[in-house]
J.: 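First the structure, then my questions, so here it is.
For the numbers below, each heavy atom of this structure counts, side chains included, while hydrogens, waters and symmetry mates do not.
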Amino acid sequence: MMNNSEIISKTELFVKDKLSSDASGHDWWHIVRVRNLALKIASKEEGNAFIIELAALLHDVADWKFNNGDELIGGRVAEKWLKDCKVNEGIISEVVHIVNHISYKGANTPIGLLSLEGNIVQDADRLDAIGAIGIARTFAYGASKNRPMYEPDIKPSIHNSFEEYKKSVNPTINHFYEKLLLLKDRMNTQTAKEIAESRHLFMEKYLEQFYKEWNSDDFNH
């Protein structure tokens, strides 16, 4: 029987192998950042560190965005892995619930209820979707899906259902308005809300500069 530390180490190797070839912004280093952020948030907000670390490591092991929109595939993969590791059934159930309900599913889509541990992992995941790294990940994902960077005539959509959100093929800049700029006000913990402020401000400044350059408004005679 493995102890918690051994389970974490083995899970790290499992996830790293799964995501080693990703170039969409959902790679191993995304997992590392989310895990580290989640544990730092937990140091202030409390929660079960073992559940938080497992959920952070496994939250993108089989993302619906790359699996025909199957929103439960991540939970199934995580459950099988944790059972193979002989993890306690109660912990497995909690981790699977987090993996299945962590994702953003559209601006007007109801939010699934999560435990303190789930809220912390969700906050860490959302923090990695905003700020400088969030911007880089957004363009990496858009490129991986062959989406244009920006089309002035295509306006952002406020999705009313997960199905609508899944089908979206809007340009990458639109994603700022459809998701990234909305995340600051959707953080669960006070710690994450404080971190989100500066990252949100950075995105607003970036968009201001983007439009200046797009319209050549930064041209000085």
Side-chain angles (χ1 to χ4, degrees), residues 14-34 37 56-78 99-109 111 122 124-184 186 196 199-200 202-218:
F14 170 68
V15 175
K16 190 173 185 178
D17 180 65
K18 282 268 188 185
L19 303 179
S20 60
S21 61
D22 180 90
S24 73
H26 298 77
D27 57 354
W28 165 243
W29 291 109
H30 164 63
I31 302 299
V32 171
R33 291 190 303 272
V34 170
L37 260 175
L57 285 170
L58 292 165
H59 82 276
D60 265 349
V61 73
D63 195 308
W64 63 264
K65 293 186 285 295
F66 309 105
N67 289 279
N68 301 312
D70 182 353
E71 60 183 298
L72 299 179
I73 188 170
R76 293 197 301 273
V77 172
V99 171
N100 281 339
H101 294 89
I102 191 175
S103 292
Y104 179 87
K105 297 179 178 178
N108 289 331
T109 301
I111 302 169
Q122 186 178 66
D125 189 37
R126 288 179 170 180
L127 285 169
D128 204 56
I130 62 177
I133 285 177
I135 291 170
R137 292 183 63 223
T138 299
F139 283 103
Y141 178 73
S144 77
K145 293 291 186 177
N146 296 311
R147 294 181 185 175
M149 183 168 65
Y150 178 49
E151 292 285 353
D153 296 332
I154 301 177
K155 303 305 178 187
S157 304
I158 300 301
H159 305 103
N160 292 309
S161 71
F162 185 36
E163 287 303 314
E164 193 180 323
Y165 181 67
K166 282 196 289 188
K167 293 175 182 176
S168 175
V169 292
N170 282 351
T172 296
I173 284 292
N174 289 28
H175 196 58
F176 283 80
Y177 303 95
E178 294 167 352
K179 177 183 178 182
L180 308 191
L181 292 171
L182 305 178
L183 293 180
K184 174 177 72 72
R186 296 184 180 216
R199 296 191 183 199
H200 181 88
F202 185 88
M203 291 192 298
E204 289 183 326
K205 289 180 177 178
Y206 171 81
L207 287 169
E208 182 182 337
Q209 182 66 20
F210 180 94
Y211 295 126
K212 279 183 181 178
E213 294 179 16
W214 186 275
N215 297 311
S216 300
D217 288 342
D218 62 336

J.: With a 4.5 Å limit on heavy-atom distance, are the side chains of Phe14 and Leu58 in contact?
T.: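 Phe14 vs Leu58: side chains touch.
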J.: Do His175 and Leu180 have side chains that get closer than 4.5 Å, going by heavy atoms?
T.: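 Of all side-chain heavy-atom pairs linking Leu180 with His175, at least one is under 4.5 Å.
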J.: How far does CG of Asp27 sit from NZ of Lys18, to the nearest 0.5 angstrom?
T.: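 Between Asp27 CG and Lys18 NZ, I get 16.0 Å after rounding to 0.5 Å.
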J.: Where does the angle between the aromatic ring planes of Phe210 and Trp214 fall among parallel (under 30°), tilted (30 to 60°) and perpendicular (over 60°)?
T.: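 It falls in the parallel class, under 30°.
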J.: For the residue pair Asp218 and Gln209, what are the closest heavy atoms and their distance?
T.: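 Of all heavy-atom pairs spanning Asp218 and Gln209, the closest is OD2-NE2, 4.1 Å.
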J.: Partners of Leu181 by side-chain contact (heavy atoms from CB on, under 4.5 Å), sequence neighbours excluded?
T.: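 For Leu181 the side-chain contact (heavy atoms from CB on, under 4.5 Å) partners, ignoring immediate neighbours, are Phe176, Tyr177, His200, Met203, Glu204, Leu207.
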J.: Looking at every heavy atom in both Ala56 and Val34, which two are closest together, and how far apart are they?
T.: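 That would be CB-CG1, 4.2 Å.
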J.: Under the salt bridge (charged side-chain N to carboxylate O under 4.0 Å, His left out) rule, collect the residues that match up with Glu213, sequence neighbours excluded.
T.: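 If we apply the salt bridge (charged side-chain N to carboxylate O under 4.0 Å, His left out) test to Glu213, skipping adjacent residues, there are no hits.
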J.: Do you know the tightest heavy-atom contact between Ile173 and Phe139?
T.: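 For Ile173 and Phe139, the tightest heavy-atom pair comes out as CD1-CZ, 3.9 Å.
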J.: Can you list the steps and then say if His59 with Ile31 is a side chain to side chain contact (heavy atoms under 4.5 Å, CB included)?
T.: CA-CA 8 Å; His59 82 276; Ile31 302 299; 3.5 Å; yes
J.: Any idea which heavy atoms bring Arg126 and Ile102 closest together, and the distance?
T.: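 For Arg126 versus Ile102, the nearest heavy atoms are NH2-O, 4.5 Å.
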J.: With a 6.0 Å cut-off (strictly less than), is the heavy-atom count around CH2 of Trp29, excluding the residue itself, greater than 12?
T.: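 Incorrect, the count does not exceed 12.
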J.: Indicate yes or no for a side-chain donor-acceptor contact from Asp22 to the backbone of Ser24 under 3.5 Å, with no hydrogens or angles considered.
T.: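 Between the backbone of Ser24 and the side chain of Asp22 there is a qualifying donor-acceptor contact (under 3.5 Å).
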J.: Can a donor-acceptor pair be found, under 3.5 Å and without considering hydrogens, that links the side chain of Asn174 to the backbone of Ile154?
T.: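 Indeed, once roles are kept as given, a pair shorter than 3.5 Å links the two residues.
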J.: What's the spacing between Arg199 CZ and Lys184 NZ if we round to 0.5 Å?
T.: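 Going from CZ on Arg199 over to NZ on Lys184, the span is 14.5 Å.
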J.: Can you list the residues that meet the side-chain contact (heavy atoms from CB on, under 4.5 Å) rule with Asp153, with sequence neighbours excluded?
T.: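 Counting only residues at least two positions away or on another chain, Asp153 forms no side-chain contact (heavy atoms from CB on, under 4.5 Å).
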J.: Any side-chain heavy-atom pair from Arg137 and His26 closer than 4.5 angstrom?
T.: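 A side-chain contact exists here, since the closest heavy-atom pair is under 4.5 Å.
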J.: Distance from Ile133 atom CD1 to His30 atom NE2, nearest 0.5 Å?
T.: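 The NE2 atom of His30 is 10.5 Å from CD1 of Ile133, to the nearest 0.5 Å.
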J.: What are the two closest non-hydrogen atoms of Thr138 and Thr172, and how far apart are they?
T.: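 Closest pair (atom of Thr138, atom of Thr172, distance): CG2-CG2, 3.4 Å.
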J.: Under 3.5 Å, side chain of Asn100 to main-chain N/O of Gly75, donor-acceptor pair present?
T.: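 A pair under 3.5 Å: yes.
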J.: Has Arg33 got a side-chain atom pairing as donor or acceptor with Asp128's backbone, closer than 3.5 angstrom?
T.: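 Here the side-chain-to-backbone pair does not exist.
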